[in-house]
Amino acid sequence: MKKVITYGVFDLFHEGHKRLLERAKALGDYLIVGVTTEQYAYHRGKYCVVDPIEQRIANVRSLACVDEVIIEDHDGQKVEDIEKYGIAVFTIGDDWYGKFDYLQPFCEVVYLKRTPGISSSALRGIGNSPLYLGLIGCGRIARRFMQEVGYIRDIQPVALYHPEPDRSATLRSFLAEHTAIAKARTLEKLFDLVDAVYIAAPHATHYEYAKAALLAGKHVLCEKPLTLSGSQALELFQLAEKSDLVLMEGIKTAYCPGFLNLLSLIRSGIIGKIHDVESCFTRLTPEPCREWDDPVCAGSFTEFGSYTLLPIVKLLGTKNLKWHFQSVLNKNRVDSYTKVLVSCGDKMAAAKTGLGIKSAGELTVSGTNGYICVQAPWWKTKVFEIHREDPHDIQVFSNDFLGDGLRYELGDFLYRVRGHAGRDYKLRPEESVLMAEIMEDFLRWRRAQ
Ligand code: C2G
């Protein structure tokens with residue numbers, strides 16, 4: 001029995017996939033098809049897979065030429081499968097030409113001509129022209145954004161709005177670096193050119209810009225903190241829902257595979273019942289700069305609080321939380337270091353942020369059967385450890401975190417703007433609203449100090 005194996009994502013199953021599988025079967029007597037998991041497709045830079053794996057498996061299995069379907073979910077699996085199933089021929093489309101020659105010592109490798117003119121990404125685009133995106137703000141995060149957006153094929157940044165178009169040196173150098181981006185002199189001009197906006201402007205301006213964009217019928221991805229008031233955040237989400245628009249808060253950790261893996265393991269009870277979450281984000285930031293000087297909301301908590309609150313609202317929930325603040329304030333009443341103590345029934349948490357004081361940027365989650373520790377930069381969650389009573393009993397988990405990680409939230413933004421469901425659990429509106437409430441309460445408390 002001459003066994004053949006091939007692999008694919010097989011998203012939005014189409015004629016090209018069918019023809020490839022039929023020709024693969026013709027290379028032998030028995031065809032095994034490996035269908036790639038969404039996580040592993042992510043790992044390989046495919047951030048917008050639409051069909052759930054069950055659907056993709058069913059589509060492949062429905063072909064008479066397919067004898068067996070397996071799951072593809074990790075690097076190096078192909079060699080394992082070739083040996084495990086006694087494979088004679090590995091085959092794949094010639095868009096991978098040469099990439100699997102390393103399998104030749106194990107079996108015959110055949111690249112089959114790809115069917116021209118059809119692809120899952122084109123099908124994803126059907127009825128959806130590229131998402132034309134406008135930027136508001138052109139500081140550090142906007143520059144990192146431009147590096148990452150290149151990984152999401154169907155998002156095209158086309159214009160930028162800056163409140164001081166003629167005076168900003170940052171704007172001039174940004175536009176010099178990104179010549180395909182047009183300068184929109186007014187917000188209205190920007191909205192005329194785009195389908196969605198990415199807000200990377202100073203925190204205190206987020207609410208007004210997001211509201212203007214939503215009222216103009218534009219989807220919004222807004223850097224954290226979304227707003228500095230719970231009621232403003234709630235108003236924005238209600239406006240987005242009423243207008244059938246996507247509003248996402250850009251806390252990139254919430255969308256990255258490692259953090260999602262961490263949450264699902266904790267929720268599966270791997271460290272028992274959790275009772276404490278401790279998160280810390282500090283970055284020594286020399287003065288003067290926006291973080292210290294912003295007249296409305298300078299300080300460590302408005303800068304890094306969203307990151308440190310995220311695991312707390314994810315693991316303690318959004319109901320019946322109590323919190324209080326402690327801060328080290330400078331002469332301008334700006335917090336160089338803040339600790340927020342949170343409690344909810346028999347659960348507690350502490351979020352620490354620092355601009356002028358350094359601390360261990362770790363995330364620790366404590367439970368009845370062990371604890372999880374993630375070293376800095378835990379907000380770019382890659383490796384984490386599970387510790388038990390026995391100090392030698394340590395499990396290590398490693399995950400992807402590619403580039404600056406914005407590509408994950410951008411993939412989800414496009415996925416949701418395209419009307420696909422099933423990813424909004426990563427950061428729910430009520431979680432963003434609660435974090436905005438805590439931010440609001442902090443600024444009120446700080447003013448009273
Ligand atoms: N294909 C084709 N013609 C097309 C589109 C795809 O012949 N018009 C082939 C691809 O070359 C591949 C298979 O169909 O062999 C599945 O394609 P995808 O679903 O895009 O999967 P891909 O990302 O190529 O995954 O680890 C290897 C990967 O899993 C391959």
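All ligand and atom numbering here is 1-based and tracks the order in the structure.
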State whether a side-chain donor-acceptor pair under 3.5 Å links [X] with [Y].
{"X": "His74", "Y": "Glu80", "answer": "yes"}
{"X": "Asp75", "Y": "Tyr40", "answer": "yes"}
{"X": "Gln395", "Y": "His387", "answer": "no"}
{"X": "Ser173", "Y": "Arg143", "answer": "yes"}
{"X": "Thr353", "Y": "Ser300", "answer": "yes"}

Do [X] and ligand 1 have an N or O pair less than 3.5 Å apart?
{"X": "Trp96", "value": "yes"}
{"X": "His14", "value": "no"}
{"X": "Phe100", "value": "no"}
{"X": "Tyr40", "value": "no"}
{"X": "Ile118", "value": "yes"}

Report the member of Tyr111, Phe10, Phe13 with the shortest heavy-atom distance to atom 16 (C) of ligand 1.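 Residue with the shortest heavy-atom distance to the ligand atom: Phe10.
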Just which atoms of ligand 1 are under 4.0 Å from any heavy atom in [X]?
{"X": "Lys78", "result": "26 (O), 27 (C)"}
{"X": "His17", "result": "6 (C), 14 (O), 16 (C), 17 (O), 18 (P), 19 (O)"}
{"X": "Glu72", "result": "26 (O), 29 (O)"}
{"X": "Asp95", "result": "10 (C), 11 (O)"}
{"X": "Thr36", "result": "29 (O)"}
{"X": "Ile92", "result": "15 (O), 27 (C), 30 (C)"}

Please tell me whether Phe304 and Phe281 form a close aromatic pair, meaning their ring centres lie under 6.0 Å apart.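 Ring centroids of Phe304 and Phe281 are less than 6.0 Å from each other.
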For [atom], what is the nearest protein heavy atom, given as residue, atom name and distance?
{"atom": "atom 3 (N) of ligand 1", "answer": "Thr115 N, 3.1 Å"}
{"atom": "atom 15 (O) of ligand 1", "answer": "Gly93 N, 2.9 Å"}
{"atom": "atom 1 (N) of ligand 1", "answer": "Arg114 NH1, 3.8 Å"}
{"atom": "atom 9 (C) of ligand 1", "answer": "Leu20 CG, 3.8 Å"}
{"atom": "atom 28 (C) of ligand 1", "answer": "Arg44 NH2, 3.4 Å"}

Given the ring of [Y], does [X] sit roughly above its face, with NZ or CZ under 6.0 Å from the centre of the six-membered ring and within 45° of the axis?
{"X": "Arg423", "Y": "Tyr415", "value": "yes"}
{"X": "Lys78", "Y": "Tyr7", "value": "yes"}
{"X": "Lys3", "Y": "Tyr30", "value": "yes"}

Yes or no: does Lys46 have any heavy atom under 4.0 Å from an atom of ligand 1?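 A heavy atom of Lys46 does come that close to ligand 1.
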Using a 4.0 Å heavy-atom threshold (strictly under), name the region of Val9 that reaches ligand 1: side chain, backbone, both or neither.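 Contact part for Val9 vs ligand 1: both backbone and side chain.
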Pair Lys273-Thr368, side-chain hydrogen bond (donor to acceptor under 3.5 Å, both in side chains): steps then yes or no: CA-CA 5 Å; Lys273 188 166 182 301; Thr368 52; over 6 Å; no
Residues, nucleotides or ligands: over 12 heavy atoms within 6.0 Å of Glu15 CD: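 Count over threshold, so yes.
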Does atom CD of Glu241 have more than 12 heavy-atom neighbours, drawn from other residues, nucleotides or ligands, at distances under 6.0 Å?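 Open.
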